[in-house]
Every structure is written in structure tokens, then in C-alpha cells.
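Notes to accompany the following structure.
Position 1 is the first residue of the sequence, and the numbers go up from there.
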Amino acid sequence: MMTIAITAVSGHLGQAIARTLIDMPGIGPVVGLARTPAKASGLGIEVRPGDYTRPDQLKTSLAGVDTLLLVSGMDAPDARIQQHRNVIEAAKAAGVSKIVYTSIQGPETGTTFSPVVQSNRQTEADIRASGLAWAIGRNGIYIEPDIEYIDSYKARGEIANSAGDGKCGYTTRAELGHAYASLLTGAHLDGQTVNLHGEAITQTRLAALMNTAFGTQLVYRALTPAEYLADRTAELGEFLGSIIAGIYDGIRLGAYDNPSDFEAVTGRPHQDWAAYFRSLSS
């Protein structure tokens, strides 16, 4: 039975994927890698050191691993390219046979988020050139942050951003857990790049779904890109604020309104948004 390793297993996505794999029958050992292993101690699996900036540590921690999930890093674009290369090279040196990468959808040019998207595209190219078997998922936007932001939305009485009438292919970490478990354990999509998200919806539709779940009366208000960048930068700082603003500019430009491969990957449709939001109110 093959051993599967998951990097950044202390993070939300890494944990969702690990938990899905652990619950699957007939799966071999699941190993986690984390920069701080103690932060992932509650998963009930072996967790090894996995700092993307330490190639020798990565090579040691990947010993005996057959298939590796590389969770995209959170550093600045220029830094994360080399960090991902460290993981890829360590995997090759350790004898890993397949690598699966959690990439992203998004605007490759024209927004403040585009440098992050470009760095992911470079890692995709590095993986394709690695000589290993591979599969790449391009995630839609997580919907959970909107849920977590409900108190702020309530305080304002609105959802306000620069997405305009653009549609966004949202997803959840739990659904991505199922998708990546399929990519890790099956070979039918090896050598392919797939989009992973549910039905694409507008911000107006998102507000209506939030109202159903939380009994609110939110409305959507469109901001200009400059207004939203100023708003996000004031609250989150220049680096993160520009990333968030660029994501919503990408929604406005249609960068997240793409055909989804979720059903081809998992064998079932992505969770319906009406059902998802109903579950939040039950």
C-alpha cells in the first residue's frame, strides 16, 4: 500500500484533505508535514517536519513516501516559487513517484493578485517538468471566509467589493478534501490540470444565500477597484489587502467563472450552494 504525504498539514486545507484520506477504506499510511509539527498533533497521524525553506529537512521527511500532496505556500510570489521547488526537488531525491499540487484559479494579468497566480503557474510548470507523475488542481475561491465574516457584514448591512456582476466559482475546503483525495489515490487524471469549484454565483446571489442562512437583510454594493483596494489595505495591510482586492477584481473580469472538473474528479457533483447554506442554519 502506498504512503501518502501532505504538506502544510497544520493548515485548514491540509487538514481537510488528511481527514478525508484517513476516513477512506483501504488507504495506506498518511503522513503529514508541517513547519511546526505540534500544530498538527490532533490528526492522529505521523507528522514530520516540513519547512519549505529547508531542502535537507524536506528530503529526510519524505523518505518512504510514494505520493505527495504539495499545498501551495503563503509567502510572497518570488519566495514561494523557490520554496515549492525545494519541495519538488526533495520529493525527487527521496524517491517519491507522484506529486499533486493545490494550485489556484485567478487572473494571470491585470490585477494586484496576478503575481500570486503567476507564481502558481510557474510551480505548475516546474511540476510538469519534474519527471514525476503528477496532477494539478486549480481551486476556486473558498466560501468559508464569507461565513466567518458574517458579523462584519451584519454591522455594515451589506457585502461591498469590486466583483460587480461577475460570477465566482466558490468551493469549500471539505469539498476540496474529497477532490484531492481522489487525485492522490487514483491515476485516471494523472497528467491533467483540473478546475475544482461549485456553481459560479454573483455577489448578489451570495448575499441572498447569506440572508437565508443567517436571517440577515444584506444587500450587495459594488465598489470601484480603487475604492475596494483602499478599503482592504486599510483593514488588512498592503500585502494581504492587495491580494484580496485583486481576487475580487478577478471575479469582476470573469477569471473565476470557468467550467468545473469537480464531478470528473470525484464522481459526484459539487455540493449545491442552497443546500450548503441551509446546513448552516440547521
Side-chain angles (χ1 to χ4, degrees), residues 1-75 80 83-84 86-88 90-91 94-104 123 127 132-145 147-148 171-186 196-197 262 265-268 270-271 276 279-280:
M1 300 179 72
M2 67 178 177
T3 297
I4 299 173
I6 302 168
T7 70
V9 77
S10 59
H12 292 303
L13 180 58
Q15 289 194 17
I17 298 166
R19 289 193 174 100
T20 303
L21 286 168
I22 292 166
D23 290 341
M24 292 174 66
I27 300 300
V30 177
V31 174
L33 270 66
R35 185 169 58 184
T36 307
K39 291 183 177 180
S41 59
L43 287 171
I45 60 174
E46 179 186 0
V47 182
R48 304 172 183 173
D51 189 326
Y52 290 3
T53 67
R54 300 182 62 183
D56 291 340
Q57 180 194 84
L58 290 165
K59 179 181 175 182
T60 299
S61 293
L62 290 173
V65 170
D66 301 295
T67 300
L68 172 65
L69 179 80
L70 170 55
V71 176
S72 184
M74 297 294 290
D75 213 327
R80 68 211 299 261
Q83 290 170 11
H84 293 164
N86 291 342
V87 179
I88 296 165
V96 171
S97 59
K98 176 179 172 178
I99 187 166
V100 177
Y101 178 48
T102 70
S103 190
I104 55 175
T123 296
I127 288 171
L132 303 178
W134 59 270
I136 294 168
R138 290 182 177 174
N139 300 344
I141 299 298
Y142 300 152
I143 208 161
E144 290 94 339
I147 309 307
E148 295 160 5
T171 188
T172 68
R173 297 184 183 101
E175 289 290 73
L176 290 175
H178 290 286
Y180 282 106
S182 295
L183 291 175
L184 287 162
T185 58
L196 301 173
H197 61 268
F262 188 89
V265 172
T266 64
R268 64 166 176 81
H270 190 284
Q271 185 175 27
Y276 172 79
S279 74
L280 298 179

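- The two residues Thr102 and Val71 come nearest to each other via the heavy atoms OG1-CA, 3.3 Å.
- For the salt bridge (charged side-chain N to carboxylate O under 4.0 Å, His left out) condition, no pair includes a residue of residues 1-16, sequence neighbours left out.
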task = Decide yes or no on side-chain contact (heavy atoms from CB on, under 4.5 Å) for Ile88 and Ile127, but give the supporting numbers first.
result = CA-CA 7 Å; Ile88 296 165; Ile127 288 171; 3.6 Å; yes
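- Under the 4.5 Å side-chain criterion, counting only non-hydrogen atoms from C-beta, Ile4 is not in contact with Val65.
- Atom CG of residue Leu70 and atom OG1 of residue Thr7 lie 5.0 Å apart, to the nearest 0.5 angstrom.
- Considering only heavy atoms from C-beta on, Val96 stays 4.5 Å or farther from Asp66 through its side chain.
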message = Determine whether Gln83 and Thr53 satisfy the following criterion, side-chain contact (heavy atoms from CB on, under 4.5 Å), listing intermediate values before the conclusion.
response = CA-CA 6 Å; Gln83 290 170 11; Thr53 67; 3.8 Å; yes
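- Looking at Tyr180, its side chain never comes within 3.5 Å of a backbone N or O of Leu13 through a donor-acceptor pair.
- Considering only residues two or more places apart in sequence or on other chains, Thr171 meets the side chain to side chain donor-acceptor pair (under 3.5 Å) condition with His270.
- From Met2, atom CE reaches atom OG1 of Thr185 across 5.5 Å, with rounding to the nearest 0.5 Å.
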query = Could you walk me through whether Tyr52 and Asn86 pass the side-chain contact (heavy atoms from CB on, under 4.5 Å) check?
reply = CA-CA 6 Å; Tyr52 290 3; Asn86 291 342; 5.7 Å; no
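- Not counting sequence neighbours, the partners of Ser72 by the side chain to side chain donor-acceptor pair (under 3.5 Å) test are Arg80, Tyr101, Asn120.
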Under 3.5 Å donor-acceptor pairs involving side-chain atoms of residues 18-39, not counting sequence neighbours:
unit_1: Arg19; atom_1: NH1; unit_2: Gln15; atom_2: OE1; d: 3.2
unit_1: Arg19; atom_1: NH2; unit_2: Gln15; atom_2: OE1; d: 3.3
unit_1: Thr20; atom_1: OG1; unit_2: Ala16; atom_2: O; d: 2.9

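- Look at Arg48 and Glu46 and you find a salt bridge, because one of the NZ, NE, NH1 or NH2 atoms lies within 4.0 Å of a carboxylate O, short of that distance.
- A search for side chain to side chain contact (heavy atoms under 4.5 Å, CB included) contacts involving Met74 returns nothing, not counting sequence neighbours.
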task = Could you give me the CA-CA distance, side-chain angles and deciding distance for Ile17 and Leu184, then say whether side-chain contact (heavy atoms from CB on, under 4.5 Å) is met?
result = CA-CA 10 Å; Ile17 298 166; Leu184 287 162; 4.1 Å; yes
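- Note: Arg173 CZ to His12 NE2 = 5.0 Å, rounded to the nearest 0.5 Å.
- Using a 4.5 Å heavy-atom threshold, the side chains of Ile99 and Trp134 count as touching.
- The shortest side-chain heavy-atom distance between Lys98 and Thr67 falls under the 4.5 Å cut-off.
- When all heavy atoms of His197 and Phe262 are compared, the pair lying nearest together is O-CB, 3.9 Å.
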Side-chain donor-acceptor pairs under 3.5 Å in residues 55-64, sequence neighbours left out?
unit_1: Gln57; atom_1: OE1; unit_2: Gly50; atom_2: N; d: 3.4
unit_1: Gln57; atom_1: OE1; unit_2: Asp51; atom_2: N; d: 2.7
unit_1: Thr60; atom_1: OG1; unit_2: Asp56; atom_2: O; d: 3.2
unit_1: Ser61; atom_1: OG; unit_2: Pro49; atom_2: O; d: 2.6
unit_1: Ser61; atom_1: OG; unit_2: Gln57; atom_2: O; d: 3.2

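- Leu68 and Ala91 get closest at one heavy-atom pair: CD2-CB, 3.9 Å.
- Residues satisfying the side chain to side chain donor-acceptor pair (under 3.5 Å) test with Glu144, not counting sequence neighbours, are none.
- With sequence neighbours excluded, no residue forms a ring pair (Phe, Tyr, Trp, His ring centres under 6.0 Å) with Tyr142.
- In this structure, Leu183 and Ala135 approach most closely via the heavy-atom pair CD2-CB, 4.3 Å.
- To the nearest 0.5 angstrom, Thr123 atom OG1 is 9.0 Å from Ile136 atom CD1.
- Under the side chain to side chain donor-acceptor pair (under 3.5 Å) criterion, His178 pairs with no residue at all, not counting sequence neighbours.
- The CD atom of Glu148 sits 11.5 Å away from atom CD1 of Ile143, with the distance rounded to the nearest 0.5 Å.
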